[in-house]
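Just follow the structure's listing: the first ligand is 1, and inside any ligand the first atom is 1.
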Amino acid sequence: MKSATRRATSPPARRAAAQPRGANAAPAAEAPTLAAAASIDALRDREARLRAILDTAVEGILTIDERGIIESVNPAALRMFGYTAGELIGRNVSVLMPSPDRERHDAYIANYCRTGQAKIIGIGRETVAQRKDGSVFPIELAVSEVRLSDRRLFTGFVRDISERKALERRQQVLYATTKALADAGSVAEAASNVLAAVCERAGWQLGEFWVVDADAEALRLVEVHPPAGAGASALVQAGRGLALARGVGLPGRVWAGAQPTWVTDVTRDPTFVRAHAAVQEGLHAALAFPLTLGREVVGVMVFFARELRPPDGELLALLAEIGSQVGQFIQRKNAESKLRELAQSLAEKNQELETLVYVASHDLRSPLVNLQGFSQELAQACARLQAWLDAGELQSPHREELHALLTRDVTEALDYIRASVAKMDTLLAGFLRFSRLGRAALRIEPLDVNAMMAQIARTLEFQLQQAGAQLTIGELPPCLGDATQLNQVFSNLLDNAIKYLDPRRPGRIRVSGAVEDGRAVYAVRDNGIGIAPEHQGKIFEIFHRLHPDQTPGEGLGLAIAQRLLQRQQGKIRVESVPGEGSTFFVSLPLPPGLGQKG
Ligand code: ADP
């Protein structure tokens with residue numbers, strides 16, 4: 001390197017050293033004066049110092065002549081470009097530039113020499129340079145002109161700004177992808193946004209989004225950037241038909257390894273399946289990273305660039321992070337769409353079921369009417385037979401037997417039939433009522449629950465008196481709901497509170513209300529028989545009754561209350577201690593202006 005530098009800096013130095021000698025040529029030949037010797041020493045000293053500066057400079061420094069031929073180059077520049085001095089000196093400086101500057105550089109210098117109009121000289125700017133291995137990197141270039149008596153030289157000061165640019169790019173990529181994900185409504189949109197963000201911000205020409213098809217155990221290309229129309233690139237066309245197995249090709253390798261991968265030149269990578277198409281497209285560098293969900297890979301993104309690019313570890317690390325963000329986004333969206341589908345099919349099933357219940361309960365009641373009618377007729381016929389038997393009008397060897405049949409077996413059977421018919425009738429009527437709930441039109445409005453409760457209390461006065469119970473009603477907040485349906489809910493809760501009091505102590509029922517977490521919450525508390533913990537969830541099921549023989553009822557009240565409340569964003573729950581009493585809590589939205597959501 002030392003000799004290279006010496007060689008590199010030698011032409012101007014030689015000239016500088018030669019000049020004074022040339023000026024004093026005649027006297028020096030005979031007897032050099034002391035002054036001349038001192039001057040030569042000074043010049044040598046200056047040259048050594050200059051050389052030391054050039055050798056140790058961090059910036060690359062090159063000198064070219066007006067034809068662009070490199071005359072000198074310092075070690076920093078040689079390191080930067082990957083050449084030896086012998087390879088560079090005497091060559092046109094355009095070898096250090098990528099196309100199109102490489103082809104145009106001679107014209108740039110000629111133009112400047114002719115017109116004096118500088119694009120870089122004396123100004124400095126950011127541009128790109130090319131290393132010996134073909135890789136391109138960003139530089140900051142300042143050029144100054146040195147005019148000598150007979151010609152001019154240009155000195156270029158080159159600073160490698162790859163690090164700074166890479167950092168800027170990484171920040172831009174991160175910002176753009178985060179925004180891309182935030183703006184996207186679907187996986188396809190997110191994928192094309194992220195592909196565009198990485199291509200545009202990190203300077204890649206082509207981006208691909210491969211998805212893992214779990215059923216087929218293969219990767220498929222589903223999205224590309226720039227969007228591929230009819231004139232899709234050869235690479236994209238080749239990719240469209242592929243189903244890559246785990247470990248096959250660049251995407252398959254990333255899928256298998258779950259690690260970001262950088263390939264400096266895919267055309268020289270024997271494992272790259274579409275190398276032929278890449279050559280055709282003039283694409284070289286490739287970068288691929290997995291879209292991850294924990295340890296699972298759900299997709300792979302691949303990017304291609306025209307030039308050779310050395311790996312950027314920091315960018316890879318950043319993309320690994322972005323890959324996990326995209327993976328989570330995909331999972332979220334998949335879960336959302338599954339949930340939507342589920343809700344949709346649930347709503348359809350519900351609708352079907354409702355119709356079924358409605359039709360069944362409606363249609364089943366007509367044969368019941370027949371059963372009811374004919375069993376009555378049968379009962380009457382039996383009564384007549386019995387009457388004849390009693391009057392001795394029927395003579396038969398089986399008289400005794402007939403008597404027993406009529407009075408015992410037939411009557412018993414008829415009683416069962418009638419009881420079952422009656423039971424079935426109430427059940428069907430209940431079903432019908434319940435199924436109609438979903439169809440009733442709702443009128444949601446702000447409700448004065450104090451007034452509503454006072455009115456319900458008036459209708460219950462007789463019942464309360466009969467039960468010897470006392471009802472107190474506190475101050476109740478207003479709510480948002482359907483007046484008729486809410487009236488039904490509260491009436492039912494109060495009915496139950498009275499019905500399930502404990503006869504061993506005076507009944508105490510209290511209705512209170514409060515605003516909690518932006519909702520109106522009402523409590524109907526009694527000191528009745530209470531409900532065992534294991535039954536507390538079941539009492540809201542249709543027809544579920546705990547003491548069917550002791551109290552009248554259909555087992556529909558709470559099921560209906562829950563259904564009615566659900567339709568108006570209400571909720572109901574119970575807290576109860578057997579032997580002490582129960583409290584039913586009903587919560588509803590507050591009217592606008594009072595609630596948080598209002
Ligand atoms: P029904 O009162 O017609 O049986 P509900 O659906 O209103 O139907 O109630 C279901 C069951 O819940 C009742 O049979 C009863 O066992 C229990 N239950 C409801 N309210 C109370 C209460 N306040 N105290 C104790 N048990 C209750």
Side-chain angles (χ1 to χ4, degrees), residues 354 357 361 419 422-438 440 452-453 456-457 459-474 476 484-513 521-568 570-588:
E354 244 169 45
V357 168
S361 27
K423 170 86 180 160
M424 201 144 160
D425 188 48
T426 9
L427 284 180
L428 288 178
F431 266 133
L432 213 55
R433 261 175 68 204
F434 194 74
S435 72
R436 280 198 189 117
L437 293 179
M452 178 184 292
M453 205 60 82
I456 297 173
T459 64
L460 291 174
E461 260 168 28
F462 178 72
Q463 270 170 274
L464 285 163
Q465 222 173 33
Q466 289 289 101
Q470 196 181 59
L471 169 67
T472 51
I473 300 174
L476 306 174
T484 317
Q485 299 202 345
L486 204 59
N487 195 310
Q488 196 177 339
V489 170
F490 284 132
S491 299
N492 200 278
L493 291 181
L494 285 169
D495 257 351
N496 281 351
I498 300 170
K499 202 157 66 172
Y500 300 107
L501 281 172
D502 190 335
R504 289 169 302 180
R505 55 178 173 262
R508 296 279 178 272
I509 301 167
R510 176 167 172 76
V511 181
S512 58
V521 180
Y522 308 96
V524 179
R525 182 185 308 270
D526 64 55
N527 63 342
I529 56 174
I531 302 159
E534 65 271 25
H535 292 298
Q536 288 176 13
K538 294 193 176 142
I539 54 172
F540 296 99
E541 288 170 12
I542 187 166
F543 302 133
H544 194 91
R545 308 199 65 221
L546 304 183
H547 317 282
D549 308 325
Q550 291 161 24
T551 47
E554 296 173 303
L556 264 180
L558 290 176
I560 289 182
Q562 189 174 48
R563 190 88 197 281
L564 292 179
L565 284 167
Q566 269 166 3
R567 290 189 70 210
Q568 41 197 317
K571 286 181 198 152
I572 184 166
R573 65 183 181 86
V574 67
E575 279 177 14
S576 183
V577 178
E580 287 185 18
S582 316
T583 309
F584 283 84
F585 296 92
V586 168
S587 91
L588 280 154

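Taking every non-hydrogen atom of Asn492 and a distance limit under 4.0 Å, the qualifying atoms of ligand 1 come out as 7 (O). Below 4.0 Å from some heavy atom of Gly553 lie the following atoms of ligand 1, by number and element: 3 (O). Every atom of ligand 1 with a heavy atom of Lys499 under 4.0 Å away is listed here by number and element: 1 (P), 2 (O), 3 (O). For ligand 1, the atoms closer than 4.0 angstrom to any heavy atom of Leu546 are 14 (O), 16 (O). Less than 4.0 angstrom separates some heavy atom of Leu556 from each of these atoms of ligand 1: 6 (O), 8 (O).
Annotation for Ala457 and Ile473: closest pair CB-CD1, 3.9 Å, computed over non-hydrogen atoms.
Under 4.0 angstrom from ligand 1, the non-hydrogen atoms of Phe584 all belong to its side chain. Here Asp526 has side-chain heavy atoms under 4.0 Å from ligand 1, and that is the only part of it that gets that close.
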Val521 vs Val586, side chain to side chain contact (heavy atoms under 4.5 Å, CB included): CA-CA, chis, key distance, verdict: CA-CA 6 Å; Val521 180; Val586 168; over 6 Å; no
Step-by-step side chain to side chain contact (heavy atoms under 4.5 Å, CB included) determination, Thr583 to Val524: CA-CA 5 Å; Thr583 309; Val524 179; over 6 Å; no
Derivation and outcome, side chain to side chain contact (heavy atoms under 4.5 Å, CB included), residues Val574 and Phe540: CA-CA 10 Å; Val574 67; Phe540 296 99; 4.1 Å; yes
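The heavy atom nearest to atom 10 (C) of ligand 1, considering only Gln550, Arg545, His544, is found in His544.
Classification of Glu554 and Arg545 as a salt-bridged pair fails, no side-chain N sitting under 4.0 Å from a carboxylate O.
Not a single N or O atom of Ile531, backbone or side chain, sits closer than 3.5 Å to an N or O atom of ligand 1. Looking at ligand 1, you won't find any N or O of Ala559 less than 3.5 Å from one of its N or O atoms. Between Gly557 and ligand 1, at least one N/O pair is under 3.5 Å apart.
Ile456 pairs in a side chain to side chain contact (heavy atoms under 4.5 Å, CB included) with only one of the listed residues (Leu471, Leu486, Asn487), which is Asn487. The only option from Leu493, Leu564, Leu588 that meets the side chain to side chain contact (heavy atoms under 4.5 Å, CB included) definition with Ile572 turns out to be Leu493.
Using a distance-only test at 3.5 Å, with no hydrogens or angles considered, a donor-acceptor pair links the side chain of Gln536 to the main chain of Ser576.
Asn492 is not listed as a side-chain neighbour of Ile560, based on a closest heavy-atom distance of 4.5 Å or more.
The protein heavy-atom contact nearest to atom 3 (O) of ligand 1 is Gly555 N, 2.9 Å. Nearest protein neighbour of atom 12 (O) of ligand 1, counting heavy atoms only, is Ile539 CG2, 3.2 Å. Closest to atom 7 (O) of ligand 1 among all protein heavy atoms lies Asn496 ND2, 2.8 Å. If you check which protein heavy atom lies closest to atom 24 (N) of ligand 1, you get Tyr500 CB, 3.4 Å. Atom 6 (O) of ligand 1 has as its closest protein heavy atom Leu558 N, 2.8 Å.
Ring pair Tyr522/Phe490 is perpendicular by interplanar angle, where above 60° counts as perpendicular and below 30° as parallel.
Take Arg573 and apply the side-chain hydrogen bond (donor to acceptor under 3.5 Å, both in side chains) test, not counting sequence neighbours, and it matches Glu575.
Within the 4.0 Å heavy-atom cutoff, Gly528 does not count among the residues contacting ligand 1.
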